[in-house]
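One structure below.
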Amino acid sequence: VLVTAGPTREPIDPVRYISNRSSGKMGYALAAAAAARGATVTLVTGPTELSSPPRATVVKVETAQEMRQAVLAEFAGADVVIKAAAVADYRPQTAATQKIKKRADNLTLALTKNPDILAELGALKSGQLLVGFAAETEDLLAHAGEKLARKNLDLIVANDVTLAGAGFGADTNIVKLLYPGGRVEELPLMAKEALADVILDKIGDLLAKKH
Ligand code: C5P
């Protein structure tokens, strides 16, 4: 089982970066729960405050491009891939080699799109079960459903990050599970550890159906 977690950091200059509020808790809970069930787990993680889950191989990365390299290196050997990482959609076009000095009143950063790792895996997949996450602030089901189809996923975990007790940084989450074909399961508010177990149960059902 290959799990990604946490934010990425996209360098602006040697001392600054663009990132997001992902804590990594959901991905770490998934990695720990999968290892507890006996899976061989690799966790590819952006920078977080969390301690490594027991019995998982941990690969630490910073940028989306590093995460992509690490994930592609593990993909062929994986049966299940769970992409809980909040990958930065854009990175500074160039990272300044020296610290940017404070001069003009306005400063414009040119950004360029990062590779969509999960979409790439969806196009490459040859039997791997692919699970994505969608953090949305509006039209949750429509946006998550679109990502499920476009990225060729077997399951997407959709959360409305505007709800209290859901999303970035929280210890709990409130999600809907979407499957190809349009099936939707709504789950109540639960601890991220409990949700990790539910997600792994659902993955187990999907694997059983496949074989
Ligand atoms: O950013 P977006 O909402 O499209 O993220 C949905 C899913 O795609 C998540 O599982 C995330 O980990 C993955 N993703 C990715 N590479 C990106 C952006 C998102 O793997 N550049």
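Residue numbers run from 1 in the order of the sequence given. First listed ligand is number 1; within each ligand, the first listed atom is number 1.
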Inset, instruction - Establish whether Leu50 and Leu195 are linked, either directly or via other cluster members, by ILVMFWY side-chain heavy-atom contacts under 4.5 Å. - result: yes
Legend entry - Part of Asp116 with heavy atoms under 4.0 Å of ligand 1, whether side chain, backbone, both or neither: both
Legend entry - Identity and separation of the nearest protein heavy atom to atom 10 (O) of ligand 1: Lys83 O, 2.6 Å
Inset, instruction - Treating Ile, Leu, Val, Met, Phe, Trp and Tyr as nodes and any side-chain heavy-atom pair under 4.5 angstrom as an edge, say whether Leu153 and Leu124 lie in one connected cluster. - result: yes
Inset, instruction - Please verify whether a non-hydrogen atom of Ala134 lies at under 4.0 Å from ligand 1. - result: no
Inset, instruction - Could you tell me the residue and atom name of the protein heavy atom closest to atom 2 (P) of ligand 1, and the distance to it rounded to 0.1 Å? - result: Lys147 NZ, 3.6 Å
Inset, instruction - Would you mind checking which non-hydrogen protein atom is closest to atom 8 (O) of ligand 1, with the distance to 0.1 Å? - result: Lys151 NZ, 3.0 Å
Inset, instruction - Kindly confirm or rule out an N or O of Val87 lying under 3.5 angstrom from an N or O of ligand 1. - result: no
Inset, instruction - Could you tell me whether Arg37 and Asp197 have a side-chain N and a carboxylate O separated by less than 4.0 Å? - result: yes
Legend entry - Protein contact to atom 11 (C) of ligand 1 [nearest heavy atom, distance to 0.1 Å]: Ala85 O, 3.4 Å
Inset, instruction - From the options Val131, Leu43, Val1, Ile199, select the one residue that forms a side chain to side chain contact (heavy atoms under 4.5 Å, CB included) with Leu30. - result: Ile199
Legend entry - Arg9 NZ/CZ over Tyr17 ring centroid, <6.0 Å and within 45° of normal: yes
Legend entry - Identity and distance of the protein heavy atom lying nearest atom 16 (N) of ligand 1: Ile117 N, 3.0 Å
Inset, instruction - Just go through Pro115, Ala64, Ala84 and tell me whose heavy atom is the nearest to atom 21 (N) of ligand 1. - result: Pro115
Inset, instruction - State plainly whether one hydrophobic cluster holds both Met190 and Ile174, where clusters connect Ile, Leu, Val, Met, Phe, Trp and Tyr through side-chain heavy atoms under 4.5 angstrom apart. - result: no
Inset, instruction - Verify the cluster assignment for Val71 and Leu130: are they in a single hydrophobic cluster under the rule of side-chain heavy atoms below 4.5 Å apart? - result: yes
Inset, instruction - Would you mind checking which non-hydrogen protein atom is closest to atom 6 (C) of ligand 1, with the distance to 0.1 Å? - result: Phe133 O, 2.9 Å
Inset, instruction - Report the distance from atom OG1 of Thr42 to atom CG of Leu2, rounding to the nearest 0.5 Å. - result: 6.0 Å
Inset, instruction - Please could you name the atoms of ligand 1 that Gly132 approaches to less than 4.0 Å, counting only its heavy atoms? - result: 10 (O)
Legend entry - Sidechain N-carboxylate O distance under 4.0 Å for Lys202, Asp154: no
Legend entry - Contact check, Asp89 vs ligand 1, heavy-atom distance below 4.0 Å: yes
Legend entry - Min heavy-atom dist Met67 to ligand 1 below 4.0 Å: no
